[in-house]
Number of protein chains: 2
Amino acid sequence: MFIQIEPTSEIPIYTQLVNQLMELIATGTMKPSDSLPSVRSLASDLGVNMHTVNKAYHELERKNIIQIIPKSGAVVNIIPSTGPNELQIEYIKQMVKPLIAESIVYGMDKDQISSIVNSIITEISEG
Amino acid sequence: MFIQIEPTSEIPIYTQLVNQLMELIATGTMKPSDSLPSVRSLASDLGVNMHTVNKAYHELERKNIIQIIPKSGAVVNIIPSTGPNELQIEYIKQMVKPLIAESIVYGMDKDQISSIVNSIITEISEG
DNA sequence: AATCTGTTCTAATGACATTATAACAAAATA
DNA sequence: TATTTTGTTATAATGTCATTAGAACAGATT
């Protein structure tokens, strides 16, 4: 597991976990049907509490990114080839909007913002 | 003030304020050197506590988006024509990255993500 | 049969968000 | 100049959230 937790970050540990696991799936490091480590073992590896990892897993399940099989484990879901649904699109828009507003206030123009977004996409897709 | 607070949102009130004020500046509804309402009057308008508005203002000042003049008021800063500095770029990248990872996991491709970002930029810049 | 797994429960701690008062001093206004 | 407005500061209370801890349970795996 290539996960790094920063305990002093203002970002909650379980959110850091959600983000980094999503990134591992997005990069293809973790593929659909792959098993995630058990909450106990990952918690032990990272030096955090079992409940914190469990919370992250359930957040990922709520997002339909993994599936938790009770008393067994968790596996990565299939990335839908049909693309995102409306709810997911709306959610992404809602989250991205304030960041774009902030970027504009910082003096970025359309090309600069697009360039940053594209570089991140490339970094995740190929990197 | 065209601000709408959702008290039951999981997003803190002061963060909602920061986001909506940034959007008002990004859209040009509020321009550099414009005065912001006093923390007391805005708090009264929105039905929230003075300290909550004050917290939002100080967060905007920390981001160099407004300037607080002690015992006087707050004004919108100039949008730098030189563009963002390195710290601001790194911050935006860091915040956007997990959202792009999530978008990819939802099945979006590069064009779909770019399309969403461009539509938001257009909405803010023109809409 | 023994182990591993997620689940559930209780409990404690610290941090954060919000509200409520209140008082103060400087700025703006009448 | 006197009054009002403003941000500042302080204290306190409340509720929520994040995290940890310990334990017990029952189904799944080995």
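Residue numbers start from 1 in every chain, and the chains themselves are labelled A, B, ... in the order their sequence lines are given, proteins ahead of strands. None of the values given here were measured: they were computed from a predicted structure.
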Rounding to a whole Å, what distance do you find between A:L42:CG and D:dT20:P?
-> 12 Å
Whole angstrom is fine here: how far is it from CD1 in A:I69 over to C1' in C:dT7?
-> 15 Å
Minimum-distance nucleotide to A:T52 side chain [options: D:dT20, C:dA17, C:dG6] | D:dT20
Nearest-neighbour nucleotide for the A:N49 side chain, D:dT8, D:dA21, D:dT29 considered = D:dA21
For C:dG6, does OP1 or OP2 lie under 4.0 Å from any side-chain N or O of A:H58?
-> no
What is the distance from CD of B:Q67 to C1' of D:dG7, rounded to the nearest Å?
-> 14 Å
Which pair of heavy atoms, one from B:A56 and one from B:V18, lies closest together, and at what distance?
-> O-CG2, 3.7 Å
Whole-Å gap separating P (D:dT8) and CE (B:M50) | 10 Å
Derivation of the side-chain contact (heavy atoms from CB on, under 4.5 Å) call for B:Y106 and A:K63 = CA-CA 9 Å; B:Y106 286 160; A:K63 289 176 181 286; 3.6 Å; yes
For B:N118 and B:S114, indicate whether the former's side chain and the latter's backbone hold a donor-acceptor pair under 3.5 Å.
-> yes
Is it true that a side-chain atom of A:Q20 and a backbone atom of A:Q4 form a donor plus acceptor pair closer than 3.5 Å?
-> yes
Separation of atom NE2 in B:H51 from atom P in C:dC16, rounded to whole Å | 18 Å
Give the nucleotide from the list C:dG6, D:dA18, D:dG7 with an atom nearest to the side chain of A:K55.
-> D:dA18
For A:Y57, report the nucleic acid contact type (base, sugar-phosphate, nothing); a contact means any heavy atom under 4.0 Å.
-> nothing
Rounded distance in Å - CZ (B:R40) to C1' (D:dT9) | 12 Å
Testing D:dA18, C:dG6, D:dT29 for proximity to the side chain of A:S72, the answer is D:dT29
Nearest to the side chain of A:K71 - C:dT7, D:dT19, D:dT8?
-> C:dT7
Let me know the distance between CD1 of B:I11 and C1' of D:dT16, rounded to the nearest Å.
-> 16 Å
When you measure from the side chain of A:N54, which nucleotide among D:dG7, C:dT8, D:dA24 comes out closest?
-> C:dT8
Contact summary for B:L24 and B:I3, nearest pair of heavy atoms | CD1-CG1, 4.1 Å
Nearest-angstrom distance from the residue atom CD of B:E10 to C1' of D:dG15 = 17 Å
